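Every value quoted in this text rests on a predicted model; they were computed, and no experiment measured them.
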2 protein chains.
Amino acid sequence: MQKLQQSLCCQQCHFSQLCLPYSFKGKEIERLDDIVVRKSPYQKHQRLYVSGQPLVSLYAVRSGSFKSFTLSEDGEEQITAFHLPGDIIGFDGLEMMQHQSYAEALETSMICEIPYDTLDHLAGVFPKLRQQITRIMSGMLCQHQAMLLQLNKRSASERVLYFLASLGQRFGDRGFSDKAFRLSMTRSDMANYLGLSIETVSRLLTQLQKEDKIEVEGKLITLLDKAIPS
Amino acid sequence: MQKLQQSLCCQQCHFSQLCLPYSFKGKEIERLDDIVVRKSPYQKHQRLYVSGQPLVSLYAVRSGSFKSFTLSEDGEEQITAFHLPGDIIGFDGLEMMQHQSYAEALETSMICEIPYDTLDHLAGVFPKLRQQITRIMSGMLCQHQAMLLQLNKRSASERVLYFLASLGQRFGDRGFSDKAFRLSMTRSDMANYLGLSIETVSRLLTQLQKEDKIEVEGKLITLLDKAIPS
DNA sequence: CGACATGTTGAGACACATCAAACTGAGTGG
DNA sequence: CCACTCAGTTTGATGTGTCTCAACATGTCG
């Protein structure tokens with residue numbers, strides 16, 4: 001049991017450099033470990049939280065993947081992000097201390113739950129932790145800005161390629177291949193996120209393949225040299 | 001001179017409830033006042049910072065307005081936000097401690113400069129301040145999520161109306177009329193922000209006027225009852 | 001194996017972009 | 001004070017990228 005705990009702690013986690021423990025020393029990381037709750041696995045389609053629910057914790061993806069989305073008044077879904085291991089989910093709920101979106105597992109996934117009141121308290125004590133939280137939120141703002149450019153200025157084809165390339169880069173950051181990976185989301189999810197129709201996404205995937213920019217085999221994607229922007 | 005300083009301090013500022021001092025008591029707000037630098041006015045088109053520049057301060061809009069934008073490799077502008085009095089600009093630079101965008105005055109404007117290292121230090125000391133910074137950044141994430149829905153799911157007409165309505169609401173939050181206001185940005189800026197062409201924005205403004213949803217007189221906008229979503 | 005979600009491909013429609021031209025208004029100089 | 005200029009705005013005519021509708025193919029899970 002002790003060993004299991006050990007294997008699950010932040011020091012052992014492969015994604016700690018992307019997550020909260022970034023640049024932490026022994027003492028600080030132990031305090032973080034104390035407050036983190038390792039939950040049982042989430043199954044595909046299972047929700048981490050729903051919109052309107054009081055925010056008590058943030059959630060770090062340990063394995064698997066999630067999507068975040070909002071629902072408009074008339075019930076249409078808008079996916080706002082896909083989350084990979086090391087990502088932290090729930091920051092949009094801190095303003096009102098109520099979740100402003102939904103988070104749903106795209107596959108069987110593991111989660112570390114981080115109670116927010118204790119995290120905030122630690123943020124007062126450890127400047128490094130405070131700065132890391134700030135850094136993560138700031139990075140999310142930058143991502144949104146890049147996305148805005150894509151949606152407003154780029155063609156459907158460019159958006160699809162951008163999506164695959166940035167996903168590849170994120171896999172690369174996590175020590176996986178940045179060229180070949182498996183999509184955990186459906187074509188419908190991709191289309192929703194990119195503001196396109198399912199049919200357009202499907203067509204463009206085959207077209208990009210014809211242009212020798214990518215290889216597609218169902219959910220398996222390989223980025224070829226031509227995919228890299230000129 | 002002492003009086004001038006007084007009239008410029010956070011306690012006297014009409015927009016403090018939107019800004020950092022939100023829910024602050026005397027002692028804390030004074031410390032904030034100590035570190036804030038009131039700068040001379042910025043003229044139209046003058047830039048607060050440029051992309052790539054090291055981040056040393058955040059900036060609170062005191063009066064007037066600004067736009068934030070990024071430039072793509074091939075030099076095309078993408079406006080990411082418009083800033084009104086009480087807004088704080090520069091959060092996207094905290095990840096790299098380097099500004100990731102440009103901020104430019106849309107009209108003659110006053111700014112409060114907030115040195116970031118001292119702000120961060122105060123954030124360690126005052127939980128309220130730390131929470132307010134978090135709240136502001138979280139709110140920006142929510143705004144981006146709402147924008148994503150607009151860009152991906154709404155028609156050009158709906159986007160223009162949404163833009164005017166949310167601008168009106170923000171004016172309302174600041175104690176101005178939420179129904180009648182003057183746009184400080186050009187049609188081109190609006191179009192750029194909303195991912196539309198200038199011509200489309202212009203056409204839709206006249207069309208919305210014909211539908212008795214708004215009144216347009218150059219830069220002066222009035223929202224009519226019909227503008228409020230059904 | 002059957003059922004149902006997911007993905008692909010084609011044909012036609014349409015919302016918005018682009019191109020083009022005229023209009024307006026603020027600032028400038030004669 | 002008026003003519004000039006130029007950025008900003010409006011309006012019209014035409015083009016096109018992507019959506020919609022429809023049919024079919026594939027994969028997945030009981």
Rounded to the nearest angstrom, tell me the gap between atom [atom1] in [X] and atom [atom2] in [N].
X: Arg187(A); N: dT28(D); atom1: CZ; atom2: P; value: 12 Å
X: Leu205(B); N: dT11(D); atom1: CG; atom2: P; value: 10 Å
X: Glu158(B); N: dA15(C); atom1: CD; atom2: P; value: 12 Å
X: Leu183(B); N: dG8(D); atom1: CG; atom2: C1'; value: 13 Å
X: His45(A); N: dT6(C); atom1: NE2; atom2: C1'; value: 11 Å
X: Gln207(B); N: dT10(D); atom1: CD; atom2: C1'; value: 14 Å
X: Met190(A); N: dT8(C); atom1: CE; atom2: C1'; value: 14 Å
X: Lys44(B); N: dG8(D); atom1: NZ; atom2: P; value: 7 Å

Point to revise | Distance below 4.0 Å between Lys219(B) side-chain N/O and dT9(D) OP1 or OP2 | key: yes
Review point. OP1 or OP2 of dT9(C) less than 4.0 angstrom from a side-chain nitrogen or oxygen of Thr206(A), does that happen here?
Key: yes
Between side-chain atoms of residues 95-102 of chain B and protein atoms elsewhere (two or more places apart, or another chain), which donor-acceptor pairs fall under 3.5 Å?
{"from": "Gln98(B)", "atom 1": "NE2", "to": "Gly52(B)", "atom 2": "O", "distance (Å)": "2.9"}
{"from": "Gln100(B)", "atom 1": "NE2", "to": "Gln98(B)", "atom 2": "O", "distance (Å)": "2.9"}
{"from": "Ser101(B)", "atom 1": "OG", "to": "Asp92(B)", "atom 2": "OD2", "distance (Å)": "2.7"}

Do the non-hydrogen side-chain atoms of [X] and [Y] ever get within less than 4.5 Å of each other?
X: Phe69(A); Y: Asp189(A); answer: no
X: Asp87(A); Y: Leu18(A); answer: no
X: Phe176(A); Y: Phe181(A); answer: no

Revision key, fill the gap. Nucleotide by nucleotide, nucleotides 12-25 of chain D touches protein heavy atoms under 4.0 Å in the pattern (B base, S sugar-phosphate only, - none) BB----SSBB----
**Study point:** Member of Glu211(B), Arg154(B), Lys213(B) meeting the side-chain contact (heavy atoms from CB on, under 4.5 Å) criterion with Leu161(B)
**Key:** Lys213(B)
Revision key, fill the gap. What one should report as the nearest heavy-atom pair of Val216(A) and Leu205(A) is CG2-O, 3.7 Å
Practice item. May I ask you to say what Ser202(A) touches in the nucleic acid, namely base, sugar-phosphate or nothing, with a heavy-atom cut-off under 4.0 Å? Key: base
Review point. In terms of side-chain heavy atoms, does Glu113(B) have a donor or acceptor partner in Ser57(B) at a distance below 3.5 Å?
Key: yes
